[in-house]
2 protein chains.
Amino acid sequence: MTATISTEDVIVDAARRVFMQKGFAAARMCDIAQTAGINQALLHYYFRSKDKLFSIVFEKESINFRSDVLQILNSDLPFFQKLRLMIRKDLEKFRSAPFLPMFVLNEMHNNPERMMHIASTSQHDLIFKKFSTLVEQEYKAGNIRKVCPAQLLLSIMGITMFPYLAEPMIKMSMGLNGEAFEKLMEEREEHAISFIEQALLVDQSVAV
Amino acid sequence: MTATISTEDVIVDAARRVFMQKGFAAARMCDIAQTAGINQALLHYYFRSKDKLFSIVFEKESINFRSDVLQILNSDLPFFQKLRLMIRKDLEKFRSAPFLPMFVLNEMHNNPERMMHIASTSQHDLIFKKFSTLVEQEYKAGNIRKVCPAQLLLSIMGITMFPYLAEPMIKMSMGLNGEAFEKLMEEREEHAISFIEQALLVDQSVAV
DNA sequence: GTCTATATTCAGATAGAC
DNA sequence: GTCTATCTGAATATAGAC
């Protein structure tokens, strides 16, 4: 039983690609049909409307976007290990899906209503709560400098996500082609981890 | 001679607001007309097409977006002062125009051709070059840790811009209303500066 | 299920009166 | 310069044959 791919899946995959690249408003149903190698009427046969099709894609991707960070935070690894792991996991994900951050953030920006629906299934609030607790603990244990957990989380996310959000601008201003940019992103993990650790460490000691 | 605002300016301002919030594809000419308090035909009388109107708005905003960082970098302030000033200036700008980062980055993502046009007038490449030189110098002088200038610049930009790029998600996951978010952004400057400085400082000394 | 052909809707653009 | 009314084209959606 060779798992032949159903037409439905072909469509969703094509839709994913087109929506990710263009966003909802600029995406065209005929592009999606063409990408899927079928015609436009079939899109409507499977998914009643552009809105419905988009919802399916967006929901999937926003689940993919909400990282597996929560498990890492809930594990019993030491704090700096957790930090490293969450940075590594996120960077890996974005490397394999560079459009994901821009897609999700942009659609949230454009369409707050849709976001509300996502809110229920997302775990971002749990991640923030758990992260805050851990940071407070580490501070009290004297392992890291005093820092506002919310600010720290924003900085970490900015450091990992920003390069993908700004990819075209970065390539332009740094004079990079696709290959050079990818190389920079390969090297990013090391930079990000040591940068953040350094910013957090208390002056004298070096926790490992 | 009271400087009565010309219809043209009213339109451009309305267009700016609508385009910034919705992006090119989702923005509607009738929304812009309504926002401007005139009718749609007049838009076309002043600016031939949606494309033309958008170009004008985008060009203005992308110039605004390219910070006055270059002057700061070219000044004769000490390195860490430059760093602080450039962070402060950028955060100030984004606080007064929170949609700016998403608008510019998103349109660059969607429409690389338009970006090419901007490339010529933008100074981002100069900023990167100058910044790199300064970082190298500081490292050689023993004032900062060894760090790849490109990576560092990405981290700084991520730290300052990301909160505005992800504003809706952040509000949601941290449970903030508009006011609380603004407060967080007020406090961001202090966090950002000390975070980045700490990450850069060599272990023993503290340069000022 | 898949297609071609067609209807509908909507947004950008124009004509022409004032 | 500004308006109302209208055209045109494009994009979504449907009808109906196979």
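Proteins come first, then strands; the chains are lettered A, B, ... in the order of their sequence lines, and each starts at number 1.
- The number of heavy-atom neighbours closer than 6.0 Å to OH of B/Y139, taken from other residues, nucleotides and ligands shown, is 12 or below.
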Quick one, B/F103 with B/Q21, criterion side-chain contact (heavy atoms from CB on, under 4.5 Å). Give me CA distance, side-chain angles, the key distance, then yes/no. CA-CA 8 Å; B/F103 175 70; B/Q21 216 189 94; over 6 Å; no

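- Between A/K171 and A/E167, at least one side-chain N (NZ, or NE/NH1/NH2) sits under 4.0 Å from a carboxylate O, which counts as a salt bridge.
- Side-chain contact check for B/L73 versus B/L134: some heavy-atom pair is nearer than 4.5 Å.
- Contact annotation for B/A27: backbone-only contact, meaning every heavy-atom pair under 4.0 Å involves sugar-phosphate atoms and none involves a base.
- A salt bridge is absent between B/E179 and B/K183; no separation between the charged side-chain nitrogens and carboxylate oxygens falls under 4.0 Å.
- Counting heavy atoms from C-beta outward, B/S155 and A/R188 have side chains that approach closer than 4.5 Å.
- Once rounded to the nearest 0.5 Å, the distance linking CZ of B/F195 with CD1 of A/I159 reads 5.0 Å.
- A sub-4.0 Å separation between OP1 or OP2 of C/dT14 and a side-chain N or O of B/H44 is absent.
- Within a heavy-atom distance below 4.0 Å of DNA chain D, no residue of residues 11-21 of chain A is found.
- Looking at A/D13 and A/R17, a side-chain N of the basic residue comes within less than 4.0 Å of a carboxylate O on the acidic one, giving a salt bridge.
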Measure all distances between protein nitrogen or oxygen atoms and nitrogen or oxygen atoms of nucleotides 1-5 of chain C, and list the pairs falling under 3.5 Å.
residue : atom : partner : partner atom : Å
C/dT2   : OP1  : A/T7    : OG1          : 3.1
C/dT2   : OP2  : A/T7    : OG1          : 3.4
C/dT2   : OP2  : A/Y46   : OH           : 2.6
C/dC3   : OP2  : A/N39   : ND2          : 3.0
C/dC3   : O5'  : A/N39   : ND2          : 2.8

